[in-house]
Protein chains: 2
Amino acid sequence: MQPTVRDPNPPLTRSVEDYLKAIYHLSSQGGFAATSDIAAMLEVSPPSVSGMVKRLSEMGLIEHVPYRGVQLTSQGRRAALRMIRRHRILELYLTQHLGYDWGGVHDEAERLEHAVSDELIERMASALGQPQYDPHGDPIPTAAGDIEEAELVSLADAHVGTKLELRQVGTQDTARLRYFAEQGLTPGVLLTVSERQPFNGPTTIALVPSGDPRVVGRELAQLLWCQEIGS
Amino acid sequence: MQPTVRDPNPPLTRSVEDYLKAIYHLSSQGGFAATSDIAAMLEVSPPSVSGMVKRLSEMGLIEHVPYRGVQLTSQGRRAALRMIRRHRILELYLTQHLGYDWGGVHDEAERLEHAVSDELIERMASALGQPQYDPHGDPIPTAAGDIEEAELVSLADAHVGTKLELRQVGTQDTARLRYFAEQGLTPGVLLTVSERQPFNGPTTIALVPSGDPRVVGRELAQLLWCQEIGS
DNA sequence: GAAACGCCTTAGTCTATACTAATAGTGAGA
DNA sequence: TCTCACTATTAGTATAGACTAAGGCGTTTC
């Protein structure tokens with residue numbers, strides 16, 4: 001019995017894992033994840049984020065530039081990808097083997113991803129035939145921590161006729177975000193590009209599967225980052 | 001937005017669920033669960049148990065008789081049985097559908113039982129065909145909270161030739177518990193009764209599957225509560 | 001270049017849960 | 001019956017993580 005020496009490398013807590021995942025998603029489009037965005041994503045107050053950011057920095061999982069935001073270190077990125085792998089494999093397993101539908105899986109996976117062992121995840125991955133994509137078409141990181149980086153195009157540059165999945169909304173402006181949400185333009189939505197007016201004019205799209213049309217001006221279209229859907 | 005009203009019926013925390021399960025197991029043989037036994041089972045200090053006992057009483061989940069121990073209220077019992085159902089269904093699902101062996105399932109189930117939804121448990125139960133027993137032969141409580149109460153016999157009274165599963169060790173004496181553990185006589189062990197000497201003499205048993213023999217004097221044999229294995 | 005607004009951080013508090021150290025009941029044996 | 005040893009409880013502290021309220025930094029605007 002030694003006199004209370006702290007474990008230098010304790011397992012990450014549930015909260016820490018959630019923060020890393022959020023930071024991964026928010027900073028994947030290049031830059032820093034902002035405190036208030038993390039707070040909004042995790043539904044906690046900004047001061048809670050500041051507190052956790054301090055802890056995560058001390059753990060070497062993120063880099064923090066005060067008043068700018070945070071980025072994952074390679075160690076933090078590894079931990080985040082591990083959670084994303086878990087989440088996506090769980091979603092796939094639950095839909096394929098236990099009859100969940102797309103809508104219902106997310107919350108279940110969100111809770112389970114913190115509790116499952118690596119062994120269980122690999123057993124599920126085997127049962128699924130080492131899948132590469134989850135039910136939403138997102139790539140599943142490998143156990144080694146590699147992930148297929150999606151090539152994203154802005155809606156303003158997408159070719160007419162292409163089928164796209166909306167992946168990222170490239171702004172933090174509340175009014176614009178709210179407008180996009182009202183229009184049903186949130187990450188994960190599927191759409192096809194119907195036409196584009198000449199001279200930097202607006203793009204017309206059709207939502208899938210409803211077929212509802214939307215007309216998006218160039219400035220806003222440049223904020224909507226999409227992935228081409230191959231199939 | 002009301003001024004901070006506490007949820008009168010919050011979901012139970014992981015810790016609370018663990019305490020209830022431990023108390024259920026310790027008090028199932030009739031009496032009270034002692035503070036120190038709960039502490040030993042959960043590997044926490046006795047003062048931690050006293051603290052939690054106070055909270056659980058206030059929540060109406062247990063009855064506490066100071067310096068005697070605790071018992072579950074019907075509400076606490078319901079919550080405990082819910083956890084036991086989850087645990088046993090998880091163990092069974094992991095062994096039958098994901099290739100786990102008996103040894104490996106327990107820890108995995110121990111973590112997952114706090115994270116799964118009722119819906120997932122019922123889906124697993126369906127996939128398993130609404131099973132009644134887990135891989136260790138223990139009865140699975142129904143979703144409604146009923147459980148088949150096992151009839152236990154002490155080893156001293158068991159008939160020669162019977163196959164038994166050791167279920168409960170009916171003492172809190174550390175030296176005896178330690179001795180039983182050294183002999184491999186811990187709950188869950190399977191054994192057959194080989195012979196018994198006359199005039200209240202010792203019972204000879206064979207451990208299953210190793211076949212190792214053990215000779216147990218009458219006094220100790222009376223402490224070993226077993227369930228007959230039908231099959 | 002200063003003022004104002006907005007986002008970020010610090011300060012201080014709360015809860016759940018754990019711990020150690022110290023105290024108080026309880027029951028067995030002298 | 002008294003004492004001793006054991007077990008249980010209280011007292012006080014620590015940690016993770018959340019919150020609100022208050023203050024600081026930066027950027028935009030004039």
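Keep in mind that what you see is a predicted model, and the values were worked out from it rather than measured. We name chains A, B, ... by the order of the sequence lines, and we start the count at 1 in each one.
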(message) If the cut-off is 4.0 Å, is B/Tyr19 near the phosphate of C/dA16, judged by side-chain N/O to OP1 or OP2?
(response) no
(message) With a cut-off of less than 4.0 Å, is there a side-chain N or O of B/Tyr67 near OP1 or OP2 of C/dT23?
(response) no
(request) Return the value, rounded to whole Å, for the distance between atom CG of B/Leu12 and atom P of C/dA16. (result) 13 Å
(message) List the residues meeting salt bridge (charged side-chain N to carboxylate O under 4.0 Å, His left out) with A/Arg77, not counting sequence neighbours, and say none if there are none.
(response) A/Glu149
Can you give the donor-acceptor pairs under 3.5 Å from side chains of residues 54-67 of chain B to other protein atoms, not counting sequence neighbours?
unit_1, atom_1, unit_2, atom_2, d
B/Ser57, OG, B/Val53, O, 3.0

(message) Under 4.0 Å, heavy atom to any atom of DNA chain D: which of residues 53-66 of chain B qualify?
(response) B/His64, B/Pro66
(request) Output all residues satisfying salt bridge (charged side-chain N to carboxylate O under 4.0 Å, His left out) with B/Arg78, sequence neighbours left out; order by chain, then residue number. (result) none
(request) Would you indicate which nucleotide in D/dG17, C/dA18, C/dC8 comes nearest to any side-chain atom of A/Ser50? (result) C/dC8
(message) Within the 4.5 Å heavy-atom criterion, are B/Leu223 and B/Ser154 side-chain neighbours or not?
(response) no
(message) Expected output is a numbered-order residue list: members of residues 41-49 of chain A with a heavy atom under 4.0 Å from any atom of DNA chain D. What is it?
(response) A/Val44, A/Ser45, A/Pro47, A/Ser48
(request) Give a yes or no on whether a salt bridge exists between A/Glu122 and A/Arg85, defined as a side-chain N under 4.0 angstrom from a carboxylate O. (result) yes
(message) By the salt bridge (Lys or Arg N to Asp or Glu O under 4.0 Å) test, which pairs, at least two apart or in different chains, include something from residues 100-110 of chain A?
(response) A/Lys21-A/Glu110, A/Glu108-A/Arg111
(message) Pick the closest DNA chain D nucleotide for A/Arg68 and for A/Ser15 by heavy atoms, then say which residue is nearer the 5' end.
(response) A/Ser15
(request) Would you please name every residue forming a salt bridge (charged side-chain N to carboxylate O under 4.0 Å, His left out) with A/Arg14, sequence neighbours left out? (result) A/Asp18
(request) Please identify each residue that fulfils side-chain hydrogen bond (donor to acceptor under 3.5 Å, both in side chains) with B/Glu119, with sequence neighbours left out. (result) B/Arg123
(request) Could you state the atom-to-atom distance from CE of B/Met52 to C1' of C/dT15 in whole Å? (result) 12 Å
(request) Ignoring backbone atoms, establish whether A/Ser36 has a side-chain N or O less than 4.0 Å from OP1 or OP2 of C/dC8. (result) yes
(request) For B/Arg82, check salt bridge (charged side-chain N to carboxylate O under 4.0 Å, His left out) against everything at least two apart and list the hits. (result) B/Asp118
(request) Give the rounded distance in Å between these two atoms: CD of B/Glu17 and P of C/dT17. (result) 11 Å
